[in-house]
Asks: 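The structure follows.
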Amino acid sequence: MEKTAKIYNDLDRILVTKEEIAEAVRKLGEQITRDYAGKEPVLLCILKGATPFFCDLIREIDLPLTLEFMAVSSYGAATKSSGVVQIRKDLDHDITGRDVLIVEDIVDSGVTLHYLSKHLAGRGAASIRIATLLDKPARRRVELKTDYVCFEIPDAFVVGYGLDYAEKYRNLPDIGVLAPRIYEAE
Ligand code: 5GP
């Protein structure tokens, strides 16, 4: 308990509680189950941030499905996107003819998923949709259709439930706004 209390001191405020997350993920799982009925989608987890969301979501989907993992990065340790997307870990299996659902933690400028959706379409997927836990529409720099969004949030740098700052805070059960003093010291 002591450890969690210390990490929480770095937050300005809690934005989404673990109870709100659980409810939203349950509803999203039901919707995906309805929308993909009769299909066997590929659920694609974007490492590392989407991991808790992905693990919770797949267990709320009542369909046969397969899992894939990709690691992409456009950030490094900073709090603003560099706009350059790199694939650090690629798919393990061919996705030709498959219905791919990309599972992401947060859409900010949209650059990462814009790049990734085009890249996957070029590899022969039958369909590509995006499920994101958080969306910051105010910061969009490219046009991007997000098919499933759990929470729209204001323009603030958030951590927790998979989201990090310099690899920390991913294990917080809630999502909170990181106190600017933490990264302004950079
Ligand atoms: P985009 O390409 O849409 O600008 O950025 C997407 C990626 O930026 C996300 O997958 C995430 O890694 C990172 N990101 C964007 N906004 C935030 C934020 O508020 N907090 C954290 N921790 N990461 C963010």
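When a ligand or atom number is given, it counts from 1 through the structure's own listing order. Keep in mind the model is a prediction, meaning the values are calculated, not measured.
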Asks: With a heavy-atom distance limit of 4.0 Å, tell me whether D105 approaches ligand 1 through its side chain, its backbone, both, or neither.
Replies: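 It is the side chain that gets close, since no backbone atom is under 4.0 Å.
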Asks: Report yes if some N/O of V158 lies less than 3.5 Å from some N/O of ligand 1; otherwise report no.
Replies: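 There is such a contact, yes.
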Asks: Hey, are D108 and R141 close enough for a salt bridge, meaning a charged N less than 4.0 Å from a carboxylate O?
Replies: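 No, D108 and R141 are not salt-bridged.
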Asks: For ligand 1, which atoms sit closer than 4.0 Å to a heavy atom of E104?
Replies: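 Reading through ligand 1 atom by atom, the close ones are 10 (O).
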Asks: Report yes if some heavy atom in the side chain of E30 is under 4.5 Å from a heavy atom in the side chain of I61; otherwise report no.
Replies: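 E30 does not reach I61 side chain to side chain.
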Asks: What do you reckon, does G110 have a nitrogen or oxygen under 3.5 Å from a nitrogen or oxygen of ligand 1?
Replies: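 N/O-N/O distance under 3.5 Å: yes.
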Asks: Charged N to carboxylate O under 4.0 angstrom, D90 versus R123?
Replies: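 Looking at R123 together with D90, the answer is yes, because their closest N to O distance falls below 4.0 Å.
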Asks: Would you indicate whether K89, at its atom NZ, is surrounded by more than 12 heavy atoms from other residues, nucleotides or ligands within a distance under 6.0 Å?
Replies: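 More than 12 within 6.0 Å, yes.
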Asks: Does K136 have a non-hydrogen atom less than 4.0 Å from ligand 1?
Replies: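 K136 counts as a contact of ligand 1 under the 4.0 Å cut-off.
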Asks: Which of the numbered atoms in ligand 1 are under 4.0 angstrom from any heavy atom belonging to D164?
Replies: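 Under 4.0 Å from D164, ligand 1 has these atoms: 21 (C), 22 (N).
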Asks: Could you tell me whether K48 and E167 have a side-chain N and a carboxylate O separated by less than 4.0 Å?
Replies: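 So K48 pairs with E167 through a salt bridge.
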Asks: Would you mind checking if E184 and R181 are paired as a salt bridge, meaning a charged N to carboxylate O distance below 4.0 Å?
Replies: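 Judged by the 4.0 Å cut-off on N to carboxylate O distance, R181 and E184 do not form a salt bridge.
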Asks: Is the closest heavy-atom distance from G49 to ligand 1 below 4.0 Å?
Replies: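 No heavy atom of G49 comes that close to ligand 1.
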Asks: With atom 9 (C) of ligand 1 as the reference point, say which of V85, V72, I106 has the nearest heavy atom.
Replies: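 Considering heavy atoms of V85, V72, I106, the nearest to atom 9 (C) of ligand 1 sits in I106.
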Asks: I'd like to know whether CZ of R13 has more than 12 heavy-atom contacts from other residues, nucleotides or ligands below 6.0 angstrom.
Replies: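 No - once you tally the heavy atoms of other residues, nucleotides and ligands closer than 6.0 Å, there are 12 at most.
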Asks: Determine, using heavy atoms of A156 and all atoms of ligand 1, whether some pair is separated by less than 4.0 Å.
Replies: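 Distance cut 4.0 Å: A156 passes for ligand 1.
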Asks: With a 4.0 Å cut-off on heavy atoms, is F157 in contact with ligand 1?
Replies: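 Yes, that is the case, since the closest heavy atom of the residue is under 4.0 Å from the ligand.
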Asks: For Y165 and ligand 1, does the shortest N/O to N/O distance drop below 3.5 Å?
Replies: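 Y165 vs ligand 1: no N/O contact under 3.5 Å.
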Asks: Between the side chains of D99 and S127, is a donor N or O closer than 3.5 angstrom to an acceptor N or O?
Replies: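 A pair is found: one side chain offers a donor N or O, the other an acceptor, under 3.5 Å apart.
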Asks: Establish, yes or no, whether the cationic atom of R129 lies under 6.0 Å from the six-membered ring centre of Y36 and within 45° of the ring axis.
Replies: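 Yes, R129 sits over the ring of Y36.
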Asks: Distance under 4.0 Å to a non-hydrogen atom of T112: what atoms of ligand 1 satisfy this?
Replies: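 Listed by number with element, the hits are 1 (P), 2 (O), 5 (O), 6 (C).
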Asks: Show which atoms of ligand 1 fall inside a sub-4.0 Å distance from at least one heavy-atom site of V111.
Replies: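 It comes down to these atoms of ligand 1: 2 (O), 3 (O).
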